[in-house]
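Everything below concerns the one structure shown next.
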Amino acid sequence: MAANEFTAYHGYSLFTKTVIDSALKKVVNCKKGGGKTMRMSNLYMPTLRETPAEAEIPSHKLLLRAGMIRQLVSGVYSYLPLGYRVIRKIENIVREEMDRAGAQELLMSAIQPRELWEQTGRWQDFGPEMFRLKDRHEREFCLGPTHEEYFTNIIKGEVKSYKQLPLNLYQIQTKYRDEKRPRFGLMRSREFIMKDAYSFDIDEEGMKKSYDIMWKAYDQVFTRLKLKYKVVLGDSGTMGGNVSHEFMAMSEVGEGVIAYCEHCDYAATDEKAGVVYKIDDNQEELPIEKVYTPGVTTIEALKEFFNVEASKFAKSLVYNAGGKPVIVVIPGDRELNETKLCNYLGIAEHELEMADEGLIIDITGGNKGFTGPMNLKREVKLLIDSRITMMKNMVIGANETDHHIKNVNYGRDFSGEVVEDLLLVREGDTCPQCGEVLKMDKGIEVGNIFQLGTKYSASLNATFLDENGKERPFVMGCYGIGVSRSMMAIVEQYHDENGIIWPLVVAPYHVIVTVVNVKNQEQLELGEKIYEELNALGIEVLLDDRNERAGVKFNDRDLIGIPIRITVGKRANESIVEYSTRKDGEKKEINVDEIIPLIKEEFQKENINF
Ligand code: ATP
Ligand code: MG
């Protein structure tokens, strides 16, 4: 609605005939199929009083209880009418910002043939996360977990000249990933809605420009969605390329761990964050000594037994990496970063698993808990975090059950393949950018942008002719937004113990008109009138005309989180209603004439034109 319509409208009686006539027309239209308004007596909104046992986090509990989503099987959800309205609003904001940034929308199939994925090696790399199927002719397919191959393939041969570049294509589509641990409802599901965009450029410089444009568009999207978020450096993993950023909606329940610096702009996921500390130990190297340590297998127990700090131990972890055993040695007081390990080894994360006891005994000769880098039984890849080379007189497992060795020194007593950094970042580490102290936080990854380079175009042989008539592969970027995950993230940031508090931009409806007692004719009539008036102005209204107790209606209203509330009760005969917002809950009695200016104010506060 244009602002002047508001002003022009206000000052006349609330209920003019023309407005009501057009409102009625719209109501009739609505009944034919989804629309701007809804009578709750007709609405399919199966709310739950009890929290389903499957739900652990507030957003999951509330979306289930509010009758907005339902689980079919683990990690597979349906969006019910109220929930689907939110999804569509998020999609529209994403769509508007993508279009504004010059990307073009299309829609691709979810089913993709194996051959396409074989060409980039990702039929293998995706491993068990990929849903695979065969058709009646035994031809193999997957349900797309992402679409780099497909997008590259679709422009291959069609976009022939540099004159047609840059090009950015996107879709909003259902993705399938057989996640190892589907959980938290829409947060990590096996079927989910993603916006994915792919940019094609002539060269690196062009790709970086496209990347910046998308970054800005993402800032717009998440700002409009009212999410509090941080942009952090990400790990590119098997996606390819070197540079990527993640958009993290701040939340305690987020699975994303962020290391950030308050003194400079450094922020990275824990998968990516560099650990840069050095050890300055000038101790004299002492002779090694084997020590009988019966049943002492943990760092805690070792600390007690030897009466020294955890940092004096070297932890040796045995992995099965893509079928080959690997031992990784890191300081006893630190954790290994498995992503860094996979990147170093050039394997996908699903190919890495902790070795079982049998393999450990086979390689080391000792039981689990007594592994070390000396006296191994078999030739095995031995990776050493660089900090180990700076430690003096450390304690290691002896590769013999119930024994450790003390006063061990790198170089003198053992050696291996030294890797600069295999450690997981932790609070208090040094900022790799400015040297100050890092802090940690948690977030929900709602978006991810990647500079891919030519990984896909080169392997799929997707080329164009440059201005000199030379054939070159497209330089690509890809950009994802988790639409369904964003809905969950919004609820995580906007709720209280009674329910969801939707920001106006994504709320399933803007206003709820609650008729306290539908058996009272005056109340019902006034409620209907307000409902129709607001509808005529293009405001999305729910009318609670259910024959339910007032308490039930108020509870449902809190639960489903409609931002603006009008309660039509005892003073209906005087044209007095109660007005409040879900956000602050403060109630005031107003004359019906004040409704529209108050609603207008709410929209203005949120910077929304309609
Ligand atoms: P994660 O690290 O959380 O598994 P990802 O790095 O695998 O995410 P991308 O491949 O970059 O995710 O996908 C783009 C976006 O899609 C993510 O930023 C996220 O918002 C969303 N997304 C990814 N996996 C899921 C999932 N299983 N359920 C819901 N949304 C998802
Ligand atoms: Mg993933």
Side-chain angles (χ1 to χ4, degrees), residues 57 59-60 63 69 71 73-77 79 87 90-91 94 98 122 125-131 143-151 170-198 211 214-215 218 221-222 225 227 229-241 243-251 253-258 268-272 338-339 342-343 348-350 442-452 455-456 477-492:
I57 59 168
S59 54
H60 191 195
L63 286 169
I69 61 169
Q71 180 183 285
V73 291
S74 165
V76 180
Y77 285 83
Y79 310 97
I87 288 286
I90 298 173
E91 286 181 354
V94 170
M98 286 301 114
R122 291 211 299 177
D125 286 351
F126 248 95
E129 210 172 270
M130 187 183 254
F131 273 106
L143 295 178
T146 175
H147 278 64
E148 283 73 20
E149 282 79 355
Y150 199 169
F151 271 81
Y170 80 97
Q171 63 176 344
I172 298 176
Q173 196 241 16
T174 308
K175 296 281 184 276
Y176 297 87
R177 294 184 187 177
D178 197 358
E179 296 276 354
K180 196 169 180 184
R181 274 183 292 275
R183 59 183 200 145
F184 296 169
L186 309 179
M187 202 83 96
R188 184 165 301 284
S189 45
R190 300 197 293 167
E191 181 186 83
F192 58 97
I193 303 172
M194 195 205 284
K195 183 286 300 174
D196 45 332
Y198 304 84
Y211 190 80
M214 281 292 115
W215 183 322
Y218 274 41
V221 168
F222 296 119
L225 292 180
L227 283 169
Y229 70 97
K230 272 197 174 94
V231 188
V232 309
L233 274 170
D235 176 75
S236 298
T238 49
M239 195 61 92
V243 178
S244 72
H245 287 88
E246 296 186 4
F247 288 71
M248 292 280 191
M250 305 321 293
S251 163
V253 303
E255 293 181 290
V257 180
I258 303 163
T269 63
D270 64 341
E271 292 173 339
K272 176 76 179 174
E338 292 190 348
T339 306
C342 288
N343 289 346
E349 292 211 9
H350 70 88
K442 282 189 189 158
I444 300 164
E445 183 200 315
V446 284
N448 208 178
I449 55 178
F450 298 85
Q451 293 181 12
L452 295 174
K455 168 168 171 164
Y456 298 91
C478 73
Y479 317 91
I481 288 181
V483 170
S484 40
R485 189 185 275 185
S486 290
M487 169 166 165
M488 204 88 179
I490 294 169
V491 180
E492 262 328 303

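We count ligands from 1, going down the list as the structure has it; atoms in each ligand are counted the same way. Heads up: numbering here begins at 1 and tracks the sequence.
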*State which residue, out of Tyr229, Phe247, Tyr211, fulfils the ring-ring contact (aromatic ring centres under 6.0 Å, His included) condition with Tyr218.*
Phe247
*asked:* Less than 4.0 Å is my threshold; does some heavy atom of Asp196 fall inside it relative to ligand 1?
replied: no
*Please state whether Glu255 comes within less than 4.0 angstrom of ligand 1, counting heavy atoms only.*
no
*Under 3.5 Å, side chain of Arg188 to main-chain N/O of Pro182, donor-acceptor pair present?*
no
_Flag, side chain of Thr269 to backbone of Gly234, donor-acceptor distance under 3.5 Å_ = no
*Parallel, tilted or perpendicular: which fits the ring planes of His147 and Phe151, with parallel below 30° and perpendicular above 60°?*
perpendicular
Which bit of [X] is near ligand 1, meaning a heavy atom under 4.0 Å away: side chain, backbone, both or neither?
{"X": "Glu445", "answer": "both"}
{"X": "Leu186", "answer": "backbone"}
{"X": "Arg188", "answer": "both"}

*Is any N or O atom of Ser484, backbone or side chain, closer than 3.5 Å to an N or O atom of ligand 1?*
no
*Would one find an N or O of Ile481, backbone or side chain, under 3.5 Å from an N or O of ligand 1?*
no
*Should His350 and Glu129 count as side-chain neighbours, where that means a heavy-atom distance under 4.5 Å?*
no
*Under a 4.5 Å cut-off applied to non-hydrogen side-chain atoms, are Val446 and Ile481 in contact?*
no
Judged on heavy-atom distance to [atom], which of [options] sits nearest?
{"atom": "atom 25 (C) of ligand 1", "options": "Met194, Arg485, Glu148", "result": "Arg485"}
{"atom": "atom 9 (P) of ligand 1", "options": "Arg177, Glu246, Met248", "result": "Arg177"}
{"atom": "atom 22 (N) of ligand 1", "options": "Phe192, Phe247, Tyr479", "result": "Phe192"}

*Decide whether Glu191 and Thr174 meet the rule of one side-chain donor and one side-chain acceptor closer than 3.5 Å.*
no
*Scan side-chain atoms only and decide if Asp178 and Tyr176 contain a donor-acceptor pair under the 3.5 Å cut-off.*
no
Could you tell me the residue and atom name of the protein heavy atom closest to [atom], and the distance to it rounded to 0.1 Å?
{"atom": "atom 28 (N) of ligand 1", "value": "Ser189 N, 3.1 Å"}
{"atom": "atom 11 (O) of ligand 1", "value": "Asn448 OD1, 2.9 Å"}
{"atom": "atom 15 (C) of ligand 1", "value": "Gly482 N, 3.9 Å"}

*Test log, rule salt bridge (Lys or Arg N to Asp or Glu O under 4.0 Å), inputs Glu148 and Arg122*: CA-CA 10 Å; Glu148 283 73 20; Arg122 291 211 299 177; 2.7 Å; yes
*What atoms of ligand 1 come within less than 4.0 Å of a heavy atom belonging to Val446?*
18 (O), 20 (O)
_For Glu179, atoms of ligand 1 separated by under 4.0 Å from a heavy atom_ = 24 (N), 26 (C), 27 (N)
_Evaluation steps, salt bridge (Lys or Arg N to Asp or Glu O under 4.0 Å), between Arg183 and Glu255_ = CA-CA 10 Å; Arg183 59 183 200 145; Glu255 293 181 290; 3.0 Å; yes
